[in-house]
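Take a look at the structure set out below.
Proteins get letters first, then strands, A, B, ... in listed order; numbering begins at 1 in each.
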Amino acid sequence: MNIPENLKYTKDHEWVLVDGDVATVGITDFAQGELGDIVFVEIETEDEDLDKEEVFGTIEAVKTVSDMYMPLSGKVMEVNPELEGQPDLVNKEPYEGGWMIKIQISDSSEIDSLLSAEDYKNLVG
Amino acid sequence: MKRTAFFEMHKARGAKMVPFAGYEMPVEYFGINKEHLTVRDGVGVFDVSHMGEFWVKGPKALEFVQKVTSNDASVLTKGKAQYSCFPNGKGGIVDDLLVYRYDEEKFLLVVNASNIDKDWAWCNEQNTMGAELENASDNISQLAIQGPKATEVLQKLTDINLSDIPYYTFVVGPIAGAEEVIISNTGYTGSGGFELYMYNADAEKVWNAIFEAGVEEGIQPIGLGARDTLRLEKGFCLYGNDIDDTTSPIEAGLGWITKFVDHKDFINKDIFLKQKEEGVTRRLRGFVLEDKGIPRHDYEIINDQDEVIGRVTSGTMSPMLKQGIGMGYINKGYTKFDTEIFIKVRNRKLKAKVVKIPFV
């Protein structure tokens, strides 16, 4: 299972790449493997200010629908435009082409609450 | 949790196993979409050993089958099969099933795994004429070999000429190293192929022979996930979703397996005949989404005034059409083909159109 060291994680199986006050968010390799073929990603919260742990979108596999939660509070600045036509990018490149959103972080102190790669590895064991 | 005779083979091929109808079953092996396309374009193998099998024997066998099932079993000659359902006495459906005529006084009923106990109790309760009933569900393994290349693969494993077995016909004979197998030209995928019923003791041998024979054709094992998307693209009903104890076969578009003929009396014949003659207030219909999204079981179907006019019974993203498709009961007035309807998906209202099934 691929769990890059440079990323932060949540217990909801999202990864977070923090770069200054911008966070890029996606779902982990473990999560995409559990979900199976991703057939639809619905994110309609662009430009909205959302709190940490609020739902920012849903991801649909063939058999299941799962909510995706804000790992940090902030504004949804950008939604990955490629996912509409190619939702399977989430399966193929969960940490690269399959990213979901970019957040303008509103409270940088929340970053400390995210899991390290090692914490996440222990979680999914 | 029960296991089928193929359990170790699923594990060896990396299946993701899930509980289903009391069995540990493979839901997928290498991705539902790829498995789906493998069956549409080539050949795939499903373990469907969880299905239930009841024998009906003796001089009262036909009388029993005629009473409990909606289709006309008297037209079945030896070696023929038909799709049918058990009406539940209240105008609903106990289960849908296949009826095989094995012999003059011997039928095989193949029922859904999730309903085996319910069906067995129901059949015994209705057996007032004294047919011999036997529940052989635990003794029989079943594989469905489906897809346009299925016949080509299986033909390597038997001297029986498979092209002489028409759709909904079967023979009993040797194949893949097993002596006595029901070789049935049936399936739940709409892509052609056979279903093989064998003794548990032959299961491993048959599985291995089929996979060896199918290397050249790219044969793959297929899970329950793709079984569902394949059947839905063809508009085949799934018990528990599209039909159940509260839906009538007439509403479900199963009038073609509900035969009102003089020589056949059956449970709920009167109710269904009345529905056929006077019409029903809702119909099971297929629809395609014109907006992006995926309909799911139990989502509301609404009109442009946001009034609820039905409910989704099955839905998925069609791997062939790459579009959301579904079926659901829709109220009278909205069931004409090409009618615009809407599916309520979470907080969104997605445009859809009533269409003829099959979808592909």
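Using modelled atom types, no side-chain atom of Lys292(B) and backbone atom of Glu42(A) make a donor-acceptor pair closer than 3.5 Å.
When heavy atoms are compared at a cutoff of 4.5 Å, Glu60(A) approaches chain B by way of both its backbone and its side chain. With a 4.5 angstrom heavy-atom cutoff, Glu84(A) touches chain B via backbone and side-chain atoms both.
Taking a 6.0 Å sphere around CG of Asn122(A), one finds it holds more than 12 heavy atoms contributed by other residues, nucleotides or ligands. The neighbour count for Lys118(B) NZ, taken as heavy atoms of other residues, nucleotides or ligands under 6.0 Å away, is above 12. More than 12 heavy-atom neighbours from other residues, nucleotides or ligands sit within 6.0 angstrom of CD on Glu340(B). Heavy-atom contacts from other residues, nucleotides or ligands closer than 6.0 Å to NZ of Lys351(B) number 12 or fewer. Counting heavy atoms of neighbouring residues, nucleotides and ligands inside a 6.0 Å radius, atom NZ of Lys34(B) does not exceed 12 of them.
With respect to Glu28(B) and Lys63(A), no salt bridge is recorded, no charged nitrogen being found less than 4.0 Å from a carboxylate O.
The line from NE2 of His36(B) to CG of Asp37(A) is 11.5 Å long, rounded to the nearest 0.5 Å.
Residues of residues 298-323 of chain B placed with any heavy atom under 4.5 Å of a heavy atom in chain A are listed by number as Tyr299(B), Thr316(B), Met317(B).
Contact detail for Thr58(A) and Arg346(B): the closest heavy-atom pair is OG1-NH2, 3.1 Å.
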Assess the residue pair Ile294(B) and Val65(A) against the criterion (side-chain contact (heavy atoms from CB on, under 4.5 Å)); give the C-alpha distance rounded to whole Å, side-chain angles, the decisive distance to 0.1 Å, and a yes or no. CA-CA 9 Å; Ile294(B) 305 170; Val65(A) 185; over 6 Å; no

